[in-house]
Amino acid sequence: MVERLVPDESWELFQRVVPEAPSRPQGGGRRRHGDREVLAAIVFVATSGCTWQQLPAASFGPSGATAHRRFSEWTNARVWARLHRLVLDGPGARGELDWSRCAIGSVNMRALKKGDLTGPNPVDRGKFGSKIHLITELSGLPLSTGIPGANLHDSQALKPLVRGIPPIRSRRGRRRRKPAKLHTDKGYNYAHLRKWLRQRGIKHRIARQGIESSQRLGRHRWTVERTMSWLAGCRRLHRRYERKAEHFLAFTSIACTLICYRRLAK
């Protein structure tokens, strides 16, 4: 089970970003479970959607409480964001990331326990929820994610998402973090956003109400919609169960990392 959820290639990448285990100068205490077994347990929770208490310890070794504690430690250390960037560095260095056309999209998630960065969803009878905002490159690989409340207008998430694209290795020259063209739907049709993108050298392709049909824009935005459906493979994201926004964002980063790794492994 551990080798299937965490193959040798992904384990080698994870070892490059995971912090060293804290030492016990005084000695004693219980033996610390291996990071690979704990990582497999976290991936199982993310993909299966089970609770930490339902984690089958007999299959992995660590209990649900141990896996959740290590998950919190690694989340605070920004391990998941660094792992996502590291997975993207490989195809970026080989020139397999297409920055010519990137797309942005969002999907709503109901927050069962409310918590940080939640709000009443105007399209879900006012139920509290969050949004997952996503930027993908031309083939659909996720580059940047964000978690606002469900009541936040989509247009307010564009700037943080674009700024949140990490510097990714390129085949030649410096690391890259800026798309050549950005496709969005009509929810981002504001003059100040167009100006902001132009100032950064990004060509905007934003649909305008009453002028352009959604079908024309969909010729390039279908990739981000497909990536949103790939996120559904991480069942922990079907609903938001985490009160802490950083934990929900961590599961989103894990899902994006799995999407990138599986696509590139093929």
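Computed from heavy atoms alone, side chains included, the values below leave out hydrogens, waters and symmetry copies.
Within a 6.0 Å radius of CZ in R94, other residues, nucleotides and ligands contribute more than 12 heavy atoms. Open room surrounds CZ on R78; 12 or fewer heavy atoms of other groups in view lie less than 6.0 Å from it. The number of heavy-atom neighbours closer than 6.0 Å to CZ of R198, taken from other residues, nucleotides and ligands shown, is above 12. Within a 6.0 Å radius of CZ in R171, other residues, nucleotides and ligands contribute 12 heavy atoms or fewer.
Atom-to-atom distance recorded for L152:CG and H133:NE2 is 6.0 Å, nearest 0.5 angstrom. Distance CE/M109 to CZ/R236: 13.0 Å, rounded to 0.5 Å. A distance of 8.5 Å separates CG in D185 from CD1 in I104, rounded to the nearest 0.5 Å. To the nearest 0.5 Å, the span separating CG on L86 from SG on C260 amounts to 11.5 Å. Atom NE2 of H84 and atom OG of S144 lie 8.5 Å apart (nearest 0.5 Å). Rounded to the nearest 0.5 Å, atoms OG1 (T223) and CH2 (W230) are 8.5 Å apart.
Residue Y188 is grouped with residue W196 when hydrophobic side chains (ILVMFWY) are merged at heavy-atom distances under 4.5 angstrom, including chains of intermediate members. A continuous path of Ile, Leu, Val, Met, Phe, Trp and Tyr side chains, each step under 4.5 Å between heavy atoms, connects L161 with M228, placing both in one hydrophobic cluster. Cluster annotation: W52 is connected to L237 through the hydrophobic network of ILVMFWY side chains, with a link wherever side-chain heavy atoms come within less than 4.5 Å. Placement of L231 and F251 within a single hydrophobic cluster is found when ILVMFWY residues are connected by side-chain heavy-atom separations under 4.5 Å, directly or transitively. Linking Ile, Leu, Val, Met, Phe, Trp and Tyr whenever their side-chain heavy atoms come within less than 4.5 Å leaves L138 and I135 in two separate clusters.
Two residues are said to be in side-chain contact when any heavy atoms from C-beta on lie closer than 4.5 Å; V45 and F71 fail this criterion. Inter-residue side-chain proximity for H33 and F60 is flagged as unmet; no heavy-atom pair is nearer than 4.5 Å. Between P142 and T252, the closest side-chain pair of non-hydrogen atoms is not below 4.5 Å. At a threshold of 4.5 Å between non-hydrogen side-chain atoms, the residues F248 and I132 count as touching. For the pair L97 and I168, the minimum side-chain heavy-atom distance is below 4.5 Å. R69 is listed as a side-chain neighbour of T66, based on a closest heavy-atom distance under 4.5 Å. Side-chain atoms of I202 and K178, non-hydrogen and from C-beta on, do get closer than 4.5 Å to each other. Between H247 and S72, the closest side-chain pair of non-hydrogen atoms falls below 4.5 Å.
Side-chain atoms of R110 never come within 3.5 Å of backbone atoms of L112 as a donor-acceptor pair (strictly under, hydrogens ignored). A donor-acceptor pair is defined here as one N or O able to donate and one able to accept, closer than 3.5 Å; such a pair exists between the side chain of R82 and the backbone of V17. The backbone N or O of R172 sits nowhere less than 3.5 Å from a side-chain atom of R169 that would complete a donor-acceptor pair. A donor-acceptor pair under 3.5 Å is formed between the side chain of H238 and the backbone N or O of A232. T227 places a side-chain N or O within donor-acceptor distance of the main-chain N or O of G140, the cut-off being under 3.5 Å. Judged by distance alone, the side chain of T257 and the main-chain N or O of V87 form no donor-acceptor pair under 3.5 Å. In this structure a side-chain-to-backbone donor-acceptor pair under 3.5 Å is missing from K181 to R205. T118 contributes no side-chain N or O that, together with a main-chain N or O of K114, makes up a donor-acceptor pair within less than 3.5 Å. Counting only distance, with no hydrogens or angles, the side chain of R194 and the backbone of I206 share a donor-acceptor pair below 3.5 Å. Not a single donor-acceptor pair under 3.5 Å links the side chain of E242 to the backbone N or O of K244.
Looking at D8 and R36, a side-chain N of the basic residue comes within less than 4.0 Å of a carboxylate O on the acidic one, giving a salt bridge.
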I would like to know whether F14 and V6 meet side chain to side chain contact (heavy atoms under 4.5 Å, CB included); could you show each step before the answer?
CA-CA 9 Å; F14 186 76; V6 185; 6.0 Å; no

Report the C-alpha separation of R70 and D35 in whole Å, then their side-chain angles, then the decisive distance to 0.1 Å, and conclude whether the side chain to side chain contact (heavy atoms under 4.5 Å, CB included) test is met.
CA-CA 9 Å; R70 199 81 59 89; D35 287 342; 2.7 Å; yes

Quick one, T184 with L193, criterion side chain to side chain contact (heavy atoms under 4.5 Å, CB included). Give me CA distance, side-chain angles, the key distance, then yes/no.
CA-CA 11 Å; T184 72; L193 294 180; over 6 Å; no

S130/I147 under side chain to side chain contact (heavy atoms under 4.5 Å, CB included): CA gap, chis, key distance, verdict:
CA-CA 7 Å; S130 296; I147 306 294; 4.1 Å; yes

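Between F44 and P56, the shortest heavy-atom contact is CE2-CD, 3.6 Å. For A41 against L55, the heavy-atom pair with the smallest separation is CB-CD2, 3.6 Å. Of all the heavy atoms in A250 and T75, the pair that sits closest is CB-OG1, 3.7 Å. Contact between C234 and A255 at its shortest, heavy atoms only, is CB-CB, 3.7 Å. Contact between N108 and A150 at its shortest, heavy atoms only, is OD1-CB, 4.3 Å.
No side-chain donor-acceptor contact under 3.5 Å links R176 and S170.
Aromatic ring pairs are classed by plane angle as parallel below 30°, tilted from 30° to 60° and perpendicular above 60°; the pair W74 and W80 is perpendicular.
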